[in-house]
Participant: 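Handing you a structure now.
Numbering of ligands and ligand atoms starts at 1, following listing order. Just so you know, residue 1 is the first one in the sequence shown, and it goes up from there. FYI, side chains are in, hydrogens and waters are out, and symmetry mates aren't considered; it's all heavy atoms of this structure.
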Amino acid sequence: MRGVLGKSRKMICSLLSQAPVSPAYYYRSSPSIYKPKPSNRFSWGFLAPIPSPAIRVFCSKPGEVGGLMASSVQNQGSISYLTQREAAEVDETLMGPLGFSVDQLMELAGLSVATSIAEVYKPSEYNRILAICGPGNNGGDGLVAARHLYHFGYKPFVCYPKRTQKPLYSGLVTQLESLSIPFLSVDELPMDLSKDFDILVDAMFGFSFHGAPRPPFDDLIKKLINLHYYEQAQRKSPVIVSVDIPSGWHVEEGDVGGDGIKPDMLVSLTAPKLCAKKFSGPHHFLGGRFVPPAIAEKYKLQLPQYPGMSMCVRIGKPPQIDISALRENYISPEFLEEQVEADPLDQFRKWFDDAMAANLKEPNAMALSTTGKDGKPSSRMVLLKGVDKDGFVWFTNYESQKARQLSENPHAALLFYWDGLNRQVRVEGSVEKVSDEESEQYFHSRPRGSQLGAIVSKQSTVVPGRHVLHQQYKELEEKYSKESLIPKPKYWGGYRLKPERFEFWQGQPSRLHDRLEYSPQETDGKRVWKIVRLAP
Ligand SMILES: NC(=O)C1=CN([C@@H]2O[C@H](COP(=O)(O)OP(=O)(O)OC[C@H]3O[C@@H](n4cnc5c(N)ncnc54)[C@H](OP(=O)(O)O)[C@@H]3O)[C@@H](O)[C@H]2O)[C@H](O)CC1
Ligand SMILES: Cc1cc2nc3c(=O)[nH]c(=O)nc-3n(C[C@H](O)[C@H](O)[C@H](O)COP(=O)(O)O)c2cc1C
Ligand SMILES: Cc1ncc(COP(=O)(O)O)c(C=O)c1O
Ligand SMILES: [K+]
């Protein structure tokens with residue numbers, strides 16, 4: 001089967017560098033979550049999937065995103081809590097026999113704080129951040145977090161009233177100044193923080209706090225406490241994110257008098273401290289993904305698994321989900337008629353290259369919708385395995401539901417959704433089977449396991465149990481030793497959709513999306529594509 005482009009990824013990326021905007025300009029108000037770089041070579045016709053961590057998020061109110069699910073959700077009862085002495089000991093061990101420097105730990109701790117914030121609070125709704133940094137390492141975490149949050153697209157400010165000239169800290173200050181991040185003195189802070197900031201990062205004190213807060217931190221802590229009364233008066237107030245310990249709380253007994261700050265988020269570092277048991281805010285995260293087994297064993301740490309490559313993990317359950325508030329506010333470059341390719345296939349290739357360059361997961365995954373003679377539509381995901389001037393190709397079982405419907409009604413719709421770029425592409429047309437040669441060639445290009453799977457699976461029929469499939473698979477594995485050719489089943493092969501309509505959709509703010517439709521017109525006996533803009 002001929003693919004259309006045999007371009008290497010390098011060539012595609014260099015093409016992209018001439019593109020008016022790079023994928024980085026496509027902006028969803030969703031947090032920047034690290035995605036691994038793809039390792040697979042890319043060429044048209046045979047596209048390999050790109051692994052990336054499965055991350056699902058839920059939100060609880062406009063602009064607020066819940067948190068990581070799956071293995072990160074733990075019953076808080078099974079979590080360990082460190083005493084103040086244990087916390088100090090762990091740090092000493094990490095920075096002594098275990099070879100870490102305080103710079104490294106502070107960098108990782110600050111990054112954990114920033115990623116925890118980004119998991120929950122979208123920069124489009126919670127953009128202005130004030131990091132209040134104390135005189136010790138907790139303050140250093142705050143300085144590091146401010147720098148990362150700047151690069152995540154937030155607008156950070158820093159209040160760092162008691163500075164030390166230690167190179168580590170003055171270096172952090174220089175880094176922030178080089179980004180023109182404003183430093184505000186205590187006197188420069190507004191009396192009422194609620195109007196000027198969306199997030200307050202409490203990086204004043206960590207596990208070395210003791211006694212009563214001394215100036216100027218006593219007043220700063222009071223400012224944060226007062227916000228709680230605004231909240232009670234139903235006034236919008238900034239969320240408070242406490243680093244490691246809610247400042248002013250007793251490191252072990254917590255908010256002893258009950259009149260301390262009430263953070264919305266607590267980012268415990270390395271492991272939660274005893275005071276975290278008294279934390280009742282909606283978002284408790286763990287950061288500091290550097291705990292070696294020696295420490296975990298010594299302190300019998302029970303901690304949630306970090307998912308994928310994430311630098312933070314939620315402790316406990318995300319807050320109740322308000323599904324109606326689940327939305328992204330798409331911000332993208334405008335998509336204009338004068339910019340697009342005359343041939344929709346060229347336009348598709350351009351957008352597909354962008355999706356590949358943006359490292360989106362399986363950009364060749366598409367929803368395939370079919371309808372049989374009963375007029376009842378059905379949809380499912382399939383993988384695009386080739387596209388050229390003749391059409392869009394996928395492979396499947398010729399006795400499945402989709403196959404039955406296509407035999408009754410040989411028309412279908414394809415839908416690509418490239419979320420990282422706020423884009424969807426719709427392709428509709430008539431469908432026919434590809435040649436046996438194409439099916440044979442593709443079938444034998446698949447991993448042997450997939451070939452055996454295709455034989456085993458009477459796709460879309462009822463099976464008594466998964467063990468039946470696995471037993472049959474095992475028998476076939478023995479039957480077809482490593483070298484022998486696995487015969488393609490007659491009931492397996494490809495389909496090609498010959499496009500009769502395309503629509504390219506680019507998400508825009510306020511739902512005023514760009515939609516450009518291509519439909520075929522006969523002009524002087526030639527088929528040309530007419531391009532119109534559809535209302536969003
Ligand atoms: N393992 C990790 O993930 C790492 C976490 N880190 C962070 O470091 C803090 C602990 O840092 P440390 O410097 O030991 O302590 P603090 O940041 O809590 O603060 C110490 C300074 O605060 C002063 N202090 C103490 N009590 C008061 C008070 N009541 N009023 C005013 N000032 C106070 C204290 O002064 P002293 O005179 O008491 O010495 C210090 O100047 C930990 O919690 C993490 O956030 C690191 O990043 C390393 C890795
Ligand atoms: C991302 C993804 C890609 C898929 N790709 C294919 C494919 O290329 N071919 C296929 O037969 N099934 C594929 N499937 C499985 C189909 O979604 C579906 O379960 C199966 O084809 C049966 O559909 P049917 O009963 O409607 O025919 C894929 C599923 C997912 C989630
Ligand atoms: C059941 C099934 N058949 C076929 C395919 C086509 O893809 P591949 O050849 O890469 O397995 C897929 C892909 O997910 C699939 O799930
Ligand atoms: K703190």
Participant: Tell me yes or no: between the side chains of Y299 and E89, is some donor less than 3.5 Å from an acceptor?
Facilitator: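 Distance-only check passes for Y299 and E89.
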Participant: Kindly indicate whether a cation-pi arrangement holds for K490 with Y398, taking the cut-offs as under 6.0 Å to the six-membered ring centre and within 45° of the axis.
Facilitator: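 So K490 doesn't make the cation-pi contact.
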Participant: Looking only at the side chains, is there a donor atom on one of N422 and Y417 sitting less than 3.5 Å from an acceptor on the other?
Facilitator: no
Participant: Between F197 and F157 (judged by ring centroids, cut-off 6.0 Å), do the two rings come close enough to count as a pair?
Facilitator: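 Yes, the ring centres sit under 6.0 Å apart.
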Participant: Counting the benzene-type ring for Trp, do F348 and F392 have ring centres under 6.0 Å apart?
Facilitator: yes
Participant: Can you name the N/O/S atom of D202 that is nearest the K ion (ligand 4)?
Facilitator: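 The nearest such atom is O.
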Participant: Heavy-atom contacts under 4.0 Å between Y442 and ligand 3: side chain, backbone, both, or neither?
Facilitator: side chain
Participant: May I ask you to identify the nearest protein heavy atom to atom 11 (O) of ligand 2, giving residue, atom name and distance to one decimal place in Å?
Facilitator: T396 OG1, 2.7 Å
Participant: Show the atoms of ligand 2 that are less than 4.0 angstrom away from any heavy atom in Q401.
Facilitator: 24 (P), 25 (O), 26 (O), 27 (O)
Participant: Which residue and non-hydrogen atom of the protein lie closest to atom 9 (N) of ligand 2, and at what distance in Å?
Facilitator: F395 O, 2.8 Å
Participant: Name the orientation class of the two ring planes belonging to F502 and F504 (parallel below 30°, tilted from 30 to 60°, perpendicular beyond 60°).
Facilitator: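 Because their plane-to-plane angle is under 30°, the rings of F502 and F504 count as parallel.
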Participant: With respect to K385, determine whether any N or O atom, backbone or side chain, lies less than 3.5 Å from an N or O atom of ligand 3.
Facilitator: yes
Participant: Taking a cutoff of less than 4.0 Å between a non-hydrogen atom of the residue and any ligand atom, is L383 in contact with ligand 3?
Facilitator: yes
Participant: For atom 12 (N) of ligand 2, what is the closest protein heavy atom, and at what distance to 0.1 Å?
Facilitator: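 Checked against all protein heavy atoms, atom 12 (N) of ligand 2 sits closest to Q459 NE2, 3.8 Å.
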Participant: Is it true that the NZ or CZ of R423 lies under 6.0 Å from the centre of W505's six-membered ring and within 45 degrees of the ring axis?
Facilitator: no
Participant: List every atom of ligand 2 that sits less than 4.0 Å from any heavy atom of L383, numbering the atoms from 1 in the order shown and giving each element.
Facilitator: 3 (C), 5 (N), 6 (C), 7 (C), 8 (O)
Participant: Round to 10° and report the angle made at the K ion (ligand 4) by O of V243 and OD1 of N138.
Facilitator: 80°
Participant: Among all protein heavy atoms in this structure, tell me which lies nearest to atom 21 (O) of ligand 2, with the distance rounded to 0.1 Å.
Facilitator: K402 NZ, 2.7 Å
Participant: Classify the angle between the aromatic ring planes of F183 and Y160 as parallel (below 30°), tilted (30 to 60°) or perpendicular (above 60°).
Facilitator: tilted
Participant: With ring centroids as reference points, do F205 and H210 lie under 6.0 angstrom apart?
Facilitator: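 No, they do not, as the ring centres are separated by 6.0 Å or more.
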Participant: Heavy-atom contact check, 4.0 Å cutoff: does W394 meet ligand 2?
Facilitator: no
Participant: Quick one: nearest non-hydrogen protein atom to atom 25 (O) of ligand 2, plus distance?
Facilitator: S460 OG, 2.6 Å
Participant: Side chains of K402 and T396: is there a donor and an acceptor less than 3.5 Å apart?
Facilitator: yes
Participant: Any N/O of Q459 closer than 3.5 Å to an N/O of ligand 3?
Facilitator: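 Q459 vs ligand 3: no N/O contact under 3.5 Å.
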Participant: What protein heavy atom lies closest to atom 31 (C) of ligand 2? Include the residue and the distance to one decimal.
Facilitator: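 Here the nearest protein heavy atom works out to M381 CB, 3.8 Å.
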Participant: Give a yes or no on whether atom 19 (O) of ligand 2 lies under 4.0 Å from any heavy atom of the protein.
Facilitator: no
Participant: Any side-chain donor-acceptor pair under 3.5 Å between T371 and N409?
Facilitator: no
Participant: Suppose we measure from atom 1 (C) of ligand 2 to each protein heavy atom; which comes out shortest, and what is that distance?
Facilitator: E362 OE1, 3.7 Å
Participant: Can you tell me which residue and heavy atom of the protein come closest to atom 26 (O) of ligand 2, and the distance to 0.1 Å?
Facilitator: R380 NE, 2.7 Å
Participant: Please step through side chain to side chain donor-acceptor pair (under 3.5 Å) for the pair K273 and S268, ending with a clear verdict.
Facilitator: CA-CA 7 Å; K273 312 313 177 283; S268 291; 5.8 Å; no
Participant: Please determine whether S247 has a backbone or side-chain N, O or S atom lying under 3.4 Å from the K ion (ligand 4).
Facilitator: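 Of the N, O and S atoms in S247, at least one lies under 3.4 Å from the K ion (ligand 4), which means yes.
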